[in-house]
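The structure appears below as structure tokens.
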Amino acid sequence: MKRTIDDLAVFGGPAAFLNTVTVGRPSMGDRERFESRMAWVLNNEWLTNSGPLVSEFETAVAEIAGVRHCVATSNATVGLQLAMHAAGVRGEVIMPAMTFAATPHAASWIGLEPVFCDVDPVTGLIDPDDVKRRITERTGAVVGVHLWGQVAPVEELDRLAHDHGLVMLYDAAHALGCTRDDRPAGSFGDAEVFSFHATKVVTSFEGGALVTDDAALAARARSMHNFGLGQGGRVEHVGTNAKMSEASAAMGLTSLDAFAEVCEHNRRNHELYAEELRGVKGLRLHELDLEERSNYQYVIVSVDPAHTGIDRDEIIRVLAAEQVVAKPYFSPPCHLMEPYRTETPQRIESAEWLAAQVVALPTGPGVSAEDIRRICDVLRLVVADGEHVARRLTAARNAPS
Ligand SMILES: Cc1ncc(COP(=O)(O)O)c(C=O)c1O
């Protein structure tokens, strides 16, 4: 245990961890099950094109989302594009600035125009009032984002989209297994898209899924994700190749087998972080609504430098020296990234404020209670004398090498 700031690894003390503890380590499930699924794939030589494992994965994801249709994709970015294409979106697409670059890029890449709106300063979720202010005659759709294992304010957004005749889609990359008023993410709007990227709570290496209750939209998306081929194998319209492979589905199913256990482990981790950080000045653990279900995949802490004396990026630096990889989320927010910042220079207040403050801390099945206690020991030590730590970091940076 570190007693003084001289014990911090960034100032020459031993690192708190021998092996790196990082945000977003994959939850792969049982290795033998994966290997036996892969053996089956290889023995049958059915590697892609609507294979049985992809079908099984689609059925399982649709069930979690509480919808009738699921189209598994090679990733969520292309899944969002399919959703926009299949829903016939044109013109401007309103979305929160506080999201991963994939959300606006998905729209830009297919000729649509992202329009960024603000978020709630506490939850980070898209602000429906700001969406409303940004609707014009050119608006074609709204893409809500279910951030950090919380579901966006879907009642207001779905109503708004309905009243203005807009397509309503959700980027549900963070939200598998999460609910709002007991209804699962995946069941809102015209369609939603999950990600099964390696960092997500369920992984298929790379992967995504479009889920919807709209049979016609699902059929268009299914055809479009396979080069625009129709039932009879003839090309009916322009499409792309966004299919999930059987190897990905084998990983997805194996990761899904462990999903409930991983969520429970994450929930306990979240609780422990809350206990360890309770009352620590300037650090606020982002709370989740206990009435709802979450995958607890994101442990988000806001750093208020007015109280810690040290900012978020310096804390990330201190943790990195201890072999703890913590991540800013999403910094900068999308409207301050190229090309959007040059195309439409603007300020989006709460998104900017949050993006400068929040950090994600490690969780997941590979992160134990002891790991969390050690990470929090370091955090408490740093913010107890934050100004001093910050001054020494600045001096170390400016010292001649
Ligand atoms: C909010 C959000 N949307 C979309 C994506 C893109 O997902 P994928 O990597 O599966 O394309 C990600 C993450 O990686 C994300 O965090």
Side-chain angles (χ1 to χ4, degrees), residues 15-38 53 56-57 60-61 63-64 75-76 146-150 172-179 184-185 194-209 247-277 285-288 290 292-301 319-320 322-327 329 359-379:
F17 293 91
L18 282 180
N19 299 313
T20 308
V21 184
T22 179
V23 166
R25 262 178 66 188
S27 303
M28 294 175 287
D30 183 77
R31 192 178 179 129
E32 277 180 20
R33 276 201 203 175
F34 171 68
E35 284 171 355
S36 99
R37 283 186 168 112
M38 273 312 294
L53 296 190
E56 192 183 338
F57 186 67
V61 171
E63 195 176 321
I64 293 170
N75 58 64
H146 302 321
L147 196 66
W148 301 327
Q150 326 161 89
H174 291 194
L176 189 77
C178 304
T179 61
F194 294 117
S195 170
F196 302 107
H197 181 258
T199 54
K200 300 298 186 278
V201 67
V202 167
T203 181
S204 59
F205 299 121
E206 291 269 4
S248 276
M251 174 50 78
L253 285 165
T254 310
S255 181
L256 263 185
D257 290 339
F259 181 43
E261 213 178 298
V262 169
C263 290
E264 181 49 25
H265 184 93
N266 283 348
R267 192 190 60 72
R268 286 197 302 270
N269 278 357
H270 207 275
E271 240 171 42
L272 184 56
Y273 271 114
E275 265 171 45
E276 292 281 318
L277 296 178
L285 179 76
H286 190 102
E287 281 170 25
L288 292 163
L290 296 176
E292 302 291 355
R293 266 187 292 129
S294 175
N295 51 41
Y296 293 94
Q297 176 77 351
Y298 303 86
V299 175
I300 303 293
V301 171
L319 289 173
E322 304 293 348
Q323 300 273 43
V324 176
V325 179
K327 289 202 174 149
Y329 245 101
V359 53
L361 298 176
T363 191
V367 177
S368 68
E370 179 50 29
D371 295 337
I372 292 169
R373 287 195 192 95
R374 258 195 245 177
I375 292 169
C376 293
D377 278 346
V378 172
L379 286 171

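All residue numbers in this chain count up from 1 along the given sequence. Any value given below was found using the heavy atoms of this structure, including those in side chains, with hydrogens, waters and symmetry copies removed.
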**OP:** Apply the test side chain to side chain contact (heavy atoms under 4.5 Å, CB included) to residues Tyr296 and Thr363: give CA-CA distance (whole Å), side-chain angles for both, the deciding distance (0.1 Å), then the verdict.
**Re:** CA-CA 9 Å; Tyr296 293 94; Thr363 191; over 6 Å; no

**OP:** For Phe194 and Val202, run side chain to side chain contact (heavy atoms under 4.5 Å, CB included): C-alpha distance rounded to whole Å, both residues' side-chain angles, the deciding distance at 0.1 Å, then the answer.
**Re:** CA-CA 10 Å; Phe194 294 117; Val202 167; over 6 Å; no

Original post:
Given Phe17 and Ile375, is the side chain to side chain contact (heavy atoms under 4.5 Å, CB included) satisfied, shown in steps?
Top reply: CA-CA 9 Å; Phe17 293 91; Ile375 292 169; 3.9 Å; yes

Subject >> Leu361 and Leu379: CA distance, side-chain angles, deciding distance, side chain to side chain contact (heavy atoms under 4.5 Å, CB included) verdict >> reply: CA-CA 11 Å; Leu361 298 176; Leu379 286 171; 3.9 Å; yes

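No side-chain donor-acceptor contact under 3.5 Å links Asn75 to the backbone of Gly207. No donor-acceptor pair under 3.5 Å is formed between the side chain of Asn295 and the backbone N or O of Gly177. Judged by distance alone, with hydrogens and angles left aside, the side-chain atoms of Ser195 form a donor-acceptor pair with the main-chain N or O of His197 at under 3.5 Å. Remark: side-chain polar atoms of Ser294 are paired, donor with acceptor, to backbone N or O of Gly149 under 3.5 angstrom. No donor-acceptor pair closer than 3.5 Å links the side chain of His265 to the backbone N or O of Gly366. Of the possible donor and acceptor atoms, one in the side chain of Ser248 sits under 3.5 Å from a partner among the backbone N and O of Ser204. Without hydrogens or angle criteria, Asp257 side chain to Gly29 main chain gives no donor-acceptor distance under 3.5 Å.
Remark: of the listed residues Leu253, Val61, Leu256, Leu253 is the sole one forming a side-chain contact (heavy atoms from CB on, under 4.5 Å) with Glu56.
For Glu264, the salt bridge (Lys or Arg N to Asp or Glu O under 4.0 Å) partners at least two apart in sequence or on another chain are Arg267, Arg268.
Scanning all heavy atoms of the two residues, the minimum distance from Ala360 to Ile300 falls at CB-CD1, 3.9 Å. Of all heavy-atom pairs spanning Thr203 and Ser27, the tightest one is CG2-O, 3.7 Å.
With a 4.5 Å cut-off on side-chain heavy atoms, Arg37 and Thr254 count as touching. The shortest side-chain heavy-atom distance between Val324 and Val378 does not fall under the 4.5 Å cut-off. Side-chain contact check for Phe259 versus Leu176: some heavy-atom pair is nearer than 4.5 Å.
With values rounded to the nearest 0.5 angstrom, Tyr329 atom OH is found 9.5 Å from Trp148 atom CH2. Rounding to the nearest 0.5 Å gives a distance of 6.0 Å between CD of Glu276 and CZ of Arg373. Considering CG of Leu272 and CD1 of Ile372, their distance stands at 5.0 Å, rounded to 0.5 Å.
Side-chain contact check for Ser368 and Asp371: at least one donor-acceptor pair (N or O, by modelled atom type) lies under 3.5 Å.
Between His174 and Tyr298, the ring planes lie parallel to each other; the angle is under 30°, not in the 30° to 60° tilted range.
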